[in-house]
Amino acid sequence: MHENEELKKPYNPTEHEDLIYKKWEESGFFNPDNLPGERGESFTIIMPPTNANGNLHAGHGLVMTIEDIMIRFNRMAGKKTLWLPGNDHAGFETQVVYEKELEKMGRSRFDIPPKKLYKEIWDFTQNNRSNINSQVKKMGSSCDWSREKFTLDEDIVKTVYQTFKKLFDDDLIYRGKRIISWCPKHQTSFSDLEIIDEERIDKFYYLKYGPFIIGTTRPETKFGDKYVVMHPNDKRYASYKDGQKIDLEWINGPITATVVKDESIDMEFGTGVMTITPWHDAVDFEIAERHNLDKEQIIDERGRLLPIAGEFAGMKITEAREKMIEKLKLKNLVEKIDDNYKHNVKLCYKCNSLIEPQIKSQWFLKMRPLAEPIIKAIEKKEIKYIPEHYEKISLHWLNNIIDWNISRQITWGIPIPAKICEKCGGGFPDLENKIETCPKCGKKTRTDGDTFDTWFSSGQWPFASLGYPNSNDFKTFYPTQVMETAGEIIFFWVARMLMLGLYITGKLPFNAVYLHGLVLDAKGRKMSKSKNNVINPLDLTSKYGTDALRIAMVIGNTPGTSLALSEDKLKAYKHFANKIWNIARFVLENAPELPKGVFWDRGSLKTPFGSDSFGEENKKYIEEFNALVIDVTGDMENYRFYLAAEKLYHYTWHTFADIIIEESKTNENTKKILMFLFREQLKLLHPFMPFITEKIWSMLPDTKNLLMVEKWPTN
RNA sequence: GCGCGGUUAGCUCAGUUGGUAGAGCGCGUCAUUUACACUGACGAUGCCGGGGGUUCGAGCCCUCCACCGCGCACCA
């Protein structure tokens, strides 16, 4: 009879979890180099680097759970298993977080010298890193801390620089003076992905512009408008010739306008005539480019009108709008105002400020040539998307991809290693910091003060973090097997990793993409500080145990679908953990030990006893268990963790406990298989509930090894 | 406008290849010298969004429609 005092009380997770994690860490088995046995095939997951700017949130909890399940399963299945953790400097995101800290102290980033600001944010992220990492450990994550990377590590930055240079040399990166999306609050440009659309109802103004009526939602940009554009086939305006000059009275006095004919004009819309503001509108910019027209800046970087606006100069655009309409009314230049115009506006995804397009010199990455091979790879099914419909979503985006602005006007990030000619504006990568004069025009150059879009570096993470190009790790673990991350960042991150990974290494960085949904609150609402419904995963682990949180996040949560996380659900799985605990007590107190050297026959999935020695009724139980093992293994291999977990839950509770244990109370023969079935069950449950299974494993007789490196039943 | 999801028990959601609907919570009844009250046993609750079709058979496949959510593109 096996006595164990610990088992006499209910399972108390907090009593065991830290100790068990310590045991795992000390074993060295998180590091694939230390794993026991012959392991030919490798299995690698690169952890999405956590932003080093705050705490673990519920979404991280899900990442850590799903990835750890895959990792533990494959480790037990005998693979050389690596899970590489990391932190992301998260350029703009972190800068925004830090700016809020500054605001609380009554400071502003615009008053701090860049070098000092950089140092402050550096210290801030380093503190957060250790904090985040300890939280990752709380989730039971069996990642290899000896290989932990940071996106600002010297070798990572070096890799990013070399990629930049190679892209430039291959004519895939260019410096262009083009229209970009500019946030007047954050004072930086963005790529198209950082912009959100919002439908709004605004006024639509019909203004008299010489002989024409033009329509606009943004009269405050119209000060400098001197081109009036119409469709070449528009019969109403056939008498006006392309290039014709027209003198007319405008906002601040008489001007000379030029007629431009362009086929992009929609004859059905408004009056079929518009004026253009190339500096502050993407469509207008394109028209101006096509016809080689002048472009003039009207609004400054902070969203205020420039001297061209005359008496309105210095005003914020919203303020100027009403005032200039008043003036136009007095000048009798307002035809009519439609109060009910529905249209979309572009907003900064972070602060919801109205995006103010500006023309700026920036570095752009040509995306078409990078996207083409990925489109082909997806069509050839070389990338498995889980769930499948992300394949279509990806293809749609890749087929319509536009060039990527990778310059950001922020301090926190990887500085762009380039020189800019002060005369001709040309830009040149300069990794060794040697260029002083422009290779094109010979004039003086200055250092580019911008930093990379953070996704430019994280897009290289799979190969960069493995030490591309010469390390053993890169050779052993690249390409990785699966990228598991949030569906939300499929374009931001996943698509770009595919493109940059294939471009640089010649191989896709991963063969499968597993995308999880959002973690919502119990009522299915998105978590946000303003709604005060943010769930801290660590509060839940301390209350219900990490195992309960993990399995609650998995069961009923299909990939790609959002998960409503309720405490009731956690309570249920805390009960399940306790159930396992009590099963352990019963088995240890009642089941005879297995004869020495008796193991699962891995080849045939039969016990070496032969079912005869268990009797007919036990044969049924063994076969039932065999079927479960095969079923669950299939689910694990095909990323159906939600099904595997649910099947195990039901087997343990409603077959093993309710039927087999109950029968064993009256049937001595059934008692003989309890230990055997329980031991194998613990292995199956371990990826989902690593702490309690490891703890119980250590109490079983004849279990010297850690459960985390035991062999999976089919292996 | 184009595209992608979703609609299943009161709530949150599963249902992998078509074979008479499942889980958790909640609800009801019973059980306390029981491995387990952080419990167990038993139970109730569904025109599987609507119409049409394929099939011996449809929650699942096809088609149309409605509603909800999301993405992309946008015309001033």
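All figures in this text were calculated on a predicted structure; none of them were measured in a lab. Proteins come first, then strands; the chains are lettered A, B, ... in the order of their sequence lines, and each starts at number 1.
Distances shorter than 4.0 Å separate some side-chain N or O of Thr561(A) from OP1 or OP2 on A14(B). The side chain of Arg640(A) contributes no N or O atom lying less than 4.0 Å from OP1 or OP2 of U16(B). Listed pair Tyr206(A) / A76(B) fails the phosphate criterion, with no side-chain N or O lying under 4.0 Å from OP1 or OP2. Considering only side-chain N and O atoms, Tyr341(A) lies under 4.0 angstrom from the phosphate OP1 or OP2 of A76(B). Distances shorter than 4.0 Å separate some side-chain N or O of Trp653(A) from OP1 or OP2 on G40(B).
Salt-bridge check for Lys695(A) with Glu17(A): failed, with every basic side-chain N at 4.0 Å or more from each acidic carboxylate O. Contact check on Asp281(A) versus Arg218(A) returns no salt bridge, with no Lys/Arg side-chain nitrogen under 4.0 Å from an Asp/Glu carboxylate oxygen.
Minimum heavy-atom separation, Ile308(A) to Gln297(A): CG2-O, 4.1 Å.
Judged by distance alone with a 3.5 Å cut-off, a donor-acceptor contact links the side chain of Lys579(A) to the base of C36(B).
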Exercise. Step by step, would you call Tyr649(A) with Phe688(A) a ring pair (Phe, Tyr, Trp, His ring centres under 6.0 Å)?
Worked result: CA-CA 10 Å; Tyr649(A) 174 93; Phe688(A) 301 95; over 10 Å; no

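Nucleotides U39(B) and G19(B) have their C1' atoms positioned 37 Å apart, rounded to a whole Å.
Residues from residues 261-272 of chain A lying near RNA chain B, meaning a heavy-atom separation below 4.0 Å, are Ile265(A), Asp266(A), Phe269(A), Gly272(A) in numerical order.
Taking only side-chain atoms of Glu646(A), from C-beta outward, the nucleotide of A23(B), A76(B), A35(B) with the closest atom is A23(B).
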